[in-house]
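A short write-up of the structure that comes next.
Only this structure's heavy atoms are used, side chains among them; waters, hydrogens and symmetry mates stay out. Both counts, for ligands and for their atoms, begin at 1 and track the order of listing. From a predicted model like this one, the values you see are computed outputs, not experimental measurements.
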Amino acid sequence: MNEYDSNRITDLLSFANYSKVSEPDDAQCFIFNTCNIREKANQKVYSDVGKIRKKFRDRKVKPIIVLAGCVAQAESNLVFEKSDYVDIVVGPQSYHTLPDLLNNFQSQKKKSINNEFNVIEKFDKLNQIKRNSNKVSNYITIQEGCDKFCKFCVVPYTRGPEYSRSVYEIVEEARRLESLGTKEIILLGQNVSAYKHENNNLSGLIKEISKLNRIERIRFTTSHPNDFNDDIINIFKDEPKLMPQLHLPVQSGSDKILKLMNRNYTKKKYINLIDKLLKAKPDIQFSSDFIVGFPEETNEDFKETLDLVKNVNFTNSYSFIYSERPGTPAVNFEKIPLSVAKDRLKSLQDLLNNIQSKASSRSIDKDNLVLFENKTKDKKQFYGKNIYAQPVFVKNQGINDGDLKFVKITDYNKNTLFGTIKD
Ligand code: SAH
Ligand code: SF4
């Protein structure tokens with residue numbers, strides 16, 4: 001979502017007569033769009049701001065430094081204490097005010113913060129500013145925020161309560177992107193499966209977008225298992241433009257840990273959901289997110305997670321060591337040693353990589369329908385994705401961005417496939 005937000009910030013500021021520079025040396029202003037989901041991401045931004053300070057220390061005029069995104073929301077005034085080099089702090093629901101904040105800073109040279117939850121006003125403003133992306137695959141935010149309050153997670157505090165955009169504005173944004181050459185739309189939200197606007201839910205929205213003739217592929221991320229009703233399950237069966245790949249974070253396979261996390265489902269319920277989805281769409285593939293080393297996780301609990309992974313055959317998943325986030329309830333839970341969490345992460349990632357490699361090896365000699373997105377930097381290879389969102393590279397010439405072609409897979413590494421165009 002930060003990628004979407006950063007692009008919208010660029011659109012917004014281009015409209016206000018700012019322009020993007022290609023070399024950091026030429027910039028008069030830096031905007032850091034930050035993530036606060038884990039501690040590491042939070043620390044990284046302050047070290048990045050420090051690098052800019054070093055780079056510009058001999059200049060007469062200091063660049064304007066804006067800290068945007070979820071770190072800005074969570075830390076507010078503390079940002080200025082951690083780095084007095086920052087000038088403007090702006091949260092994820094108020095970045096539409098950046099042109100004004102920048103103008104004010106230029107005229108008054110006074111530091112400022114805007115951390116209000118102005119999500120309706122934000123999208124009203126963004127709807128007036130046209131998207132300018134000519135990429136083949138583009139994100140559209142359809143929903144923001146979260147009301148679920150998992151005990152480890154900062155999202156409900158940084159992105160605020162659940163909010164869904166209207167079908168009309170989302171379809172208009174998709175139509176605009178379609179006119180610029182977009183072939184794939186990825187619908188985004190912290191809880192896309194909770195999308196609800198008036199009488200429309202996620203499946204209704206997907207049906208509307210699929211009516212756009214030149215949009216060939218639709219995907220969505222991220223979903224929560226508890227929002228998956230039959231309507232959303234059936235859309236995988238009924239809508240051929242919806243790709244057969246679903247990212248469905250499970251976090252843990254242990255019922256005890258799931259309860260402690262406030263996930264409100266059990267391992268059994270999750271597996272039942274996977275089975276239902278497989279019944280509706282037999283060729284669907286799943287990926288997931290896992291947290292290891294959550295407070296009170298025992299070896300037995302962790303084994304339950306490994307067992308779930310073996311059962312579901314996840315591909316292309318993400319796994320993290322639990323990171324304590326200030327202000328979340330899990331801060332008060334009893335922690336487990338970091339060394340134990342690190343060992344568990346390694347075992348889980350080994351297992352996930354193994355399953356991924358096996359799945360990739362099964363692709364050898366098979367034909368994959370690939371939507372090509374661009375050339376690699378050295379211009380020698382073309383990059384696209386298969387129906388499962390797996391990256392595919394080919395060396396053939398004469399491919400154009402946006403081409404949909406069958407590729408015979410000849411090789412693979414980790415999560416990437418290589419092949420040649422089928423004549
Ligand atoms: N809404 C989605 C996830 C959004 S956050 C869901 O409910 O599943 C993206 C991922 O970051 C989560 O799935 C989780 O695996 C990870 N994450 C969130 N908070 C974390 C924390 N405190 N420590 C480690 N990983 C975390
Ligand atoms: Fe965070 Fe997802 Fe839980 Fe919401 S549902 S609190 S976004 S992990």
Side-chain angles (χ1 to χ4, degrees), residues 1-5 34-44 69-71 73-74 92-93 119 139 141-164 186-196 202 220-228 232 246-254 257-265 267 269-270 273-274 286-297 302 305 308-309 312 314 316-333 335-336 338 341-342 344-345 348-349 352:
M1 188 169 284
N2 271 13
E3 188 180 325
Y4 176 86
D5 288 341
T34 60
C35 174
N36 198 36
I37 200 90
R38 283 170 292 276
E39 196 183 356
K40 228 187 204 157
N42 176 301
Q43 288 164 346
K44 193 172 174 292
C70 289
V71 172
Q73 190 66 40
Q93 303 307 11
V119 64
Y139 292 120
T141 292
I142 63 164
Q143 178 280 336
E144 279 204 49
C146 181
D147 296 341
K148 293 202 167 61
F149 290 92
C150 301
K151 301 273 179 182
F152 52 81
C153 184
V154 289
V155 168
Y157 313 98
T158 54
R159 289 267 170 185
E162 273 173 17
Y163 170 81
S164 295
I186 306 172
L187 305 174
L188 279 185
Q190 275 82 34
N191 265 300
V192 266
S193 42
Y195 175 84
K196 185 150 189 46
L202 181 63
F220 59 84
T221 196
T222 299
S223 318
H224 190 290
N226 285 358
D227 298 322
F228 262 75
I232 305 185
L246 177 63
H247 187 66
L248 196 59
V250 66
Q251 315 300 355
S252 168
S254 149
I257 297 297
L258 289 170
K259 192 157 189 215
L260 267 180
M261 287 175 162
N262 193 33
R263 292 292 290 184
N264 280 315
Y265 53 82
K267 180 182 184 183
K269 190 174 162 202
Y270 184 89
L273 173 59
I274 295 281
F286 302 100
S287 57
S288 198
D289 290 346
F290 301 88
I291 295 179
V292 300
F294 191 71
E296 296 183 35
E297 186 188 68
F302 178 60
T305 302
L308 176 82
V309 172
V312 179
F314 293 107
N316 190 23
S317 292
Y318 300 89
S319 43
F320 317 96
I321 290 179
Y322 165 66
S323 167
E324 193 176 84
R325 307 307 298 123
T328 58
V331 165
N332 301 315
F333 297 175
K335 284 193 275 296
I336 68 154
L338 183 61
K342 280 187 176 163
R344 288 184 190 158
L345 183 69
L348 175 63
Q349 291 186 335
L352 287 167

Next item on the list: Report yes if the side chains of L188 and I142 come closer than 4.5 Å at any heavy-atom pair, otherwise no.
Entry: no
Checklist line | N or O contact, S223 vs ligand 1, cut-off under 3.5 Å | finding: no
Margin query: With respect to R325, determine whether any N or O atom, backbone or side chain, lies less than 3.5 Å from an N or O atom of ligand 1.
Written below: no
Margin query: List ligand 1 atoms under 4.0 Å from P249, heavy atoms only on the residue side.
Written below: 8 (O), 13 (O)
Note to self: Pairing donors with acceptors under 3.5 angstrom, does anything connect the side chains of D289 and H247?
What the structure shows: yes
Check: Using heavy atoms and a threshold below 4.0 Å, how should the contact between Q251 and ligand 1 be classified: side chain, backbone, both, or neither?
Finding: side chain
Checklist line | Close N or O approach (I291, ligand 1; < 3.5 Å) | finding: no
Item checked: S323 versus E39, side-chain donor and acceptor atoms under 3.5 Å -> no
Checklist line | R325 and N42, any side-chain heavy atoms less than 4.5 Å apart | finding: yes
Item checked: Atoms of ligand 1 close to S323 [distance to a heavy atom under 4.0 angstrom, numbered from 1] -> 21 (C), 22 (N), 23 (N), 24 (C)
Next item on the list: Enumerate the atoms of ligand 1 whose separation from the nearest heavy atom of I321 is less than 4.0 angstrom.
Entry: 24 (C)
Notebook entry, point to check: Which protein non-hydrogen atom lies closest to atom 1 (N) of ligand 1, naming both residue and atom, and how far is it?
Noted result: Q190 O, 2.7 Å
Check: Near H224, which atoms of ligand 1 are under 4.0 Å from a heavy atom of that residue?
Finding: 7 (O)
Check: If we only count heavy atoms from C-beta on, is the C153 to I37 side-chain gap below 4.5 Å?
Finding: yes
Checklist line | Contact check, side chains of L246 and S223, non-hydrogen atoms, under 4.5 Å | finding: yes
Checklist line | Protein heavy-atom partner closest to atom 5 (S) of ligand 1 - residue, atom, separation in Å | finding: I37 CD1, 3.6 Å
Notebook entry, point to check: Can you tell me if R263 has a non-hydrogen atom under 4.0 Å from ligand 1?
Noted result: yes
Notebook entry, point to check: Can you check whether T222 has an N/O within less than 3.5 Å of an N/O in ligand 1?
Noted result: no
Note to self: What I'd like to find out is whether the side chain of K148 reaches to under 4.5 Å of the side chain of N191, using heavy atoms alone.
What the structure shows: yes
Next item on the list: Tell me, with the steps shown, if D5 and R159 meet salt bridge (charged side-chain N to carboxylate O under 4.0 Å, His left out).
Entry: CA-CA 12 Å; D5 288 341; R159 289 267 170 185; 2.9 Å; yes
Checklist line | Numbered atoms and elements of ligand 1 in range of R38, under 4.0 angstrom, heavy atoms | finding: 11 (O), 16 (C), 17 (N), 23 (N), 24 (C), 25 (N), 26 (C)
Note to self: Can you classify the ring geometry of F314 versus Y270 as parallel (below 30°), tilted (30 to 60°) or perpendicular (above 60°)?
What the structure shows: tilted
Check: Purely on distance, is any nitrogen or oxygen of N191 under 3.5 Å from one on ligand 1?
Finding: no
Checklist line | Pairwise distance NZ(K259) to OG(S254) - rounded to 0.5 angstrom | finding: 11.5 Å
Check: Protein N/O/S atoms under 2.8 Å of atom 3 (Fe) of ligand 2?
Finding: C150 SG
Check: How far is atom 20 (C) of ligand 1 from its nearest protein heavy atom, and which residue and atom name does that atom have?
Finding: F152 CD1, 3.7 Å
Margin query: With heavy-atom distances below 4.5 Å as the criterion, would you say the side chains of R263 and H224 are in contact?
Written below: yes
Next item on the list: Let me see the working for F320 and F294 under ring pair (Phe, Tyr, Trp, His ring centres under 6.0 Å), right down to the final yes or no.
Entry: CA-CA 10 Å; F320 317 96; F294 191 71; over 10 Å; no
Item checked: Sub-4.0 Å protein heavy atom next to atom 10 (C) of ligand 1 -> yes
Check: Is the closest side-chain heavy-atom distance between P225 and V250 below 4.5 Å?
Finding: no
Next item on the list: Kindly say whether E144 contributes a backbone atom to a donor-acceptor pair with the side chain of Q190 at under 3.5 angstrom?
Entry: no
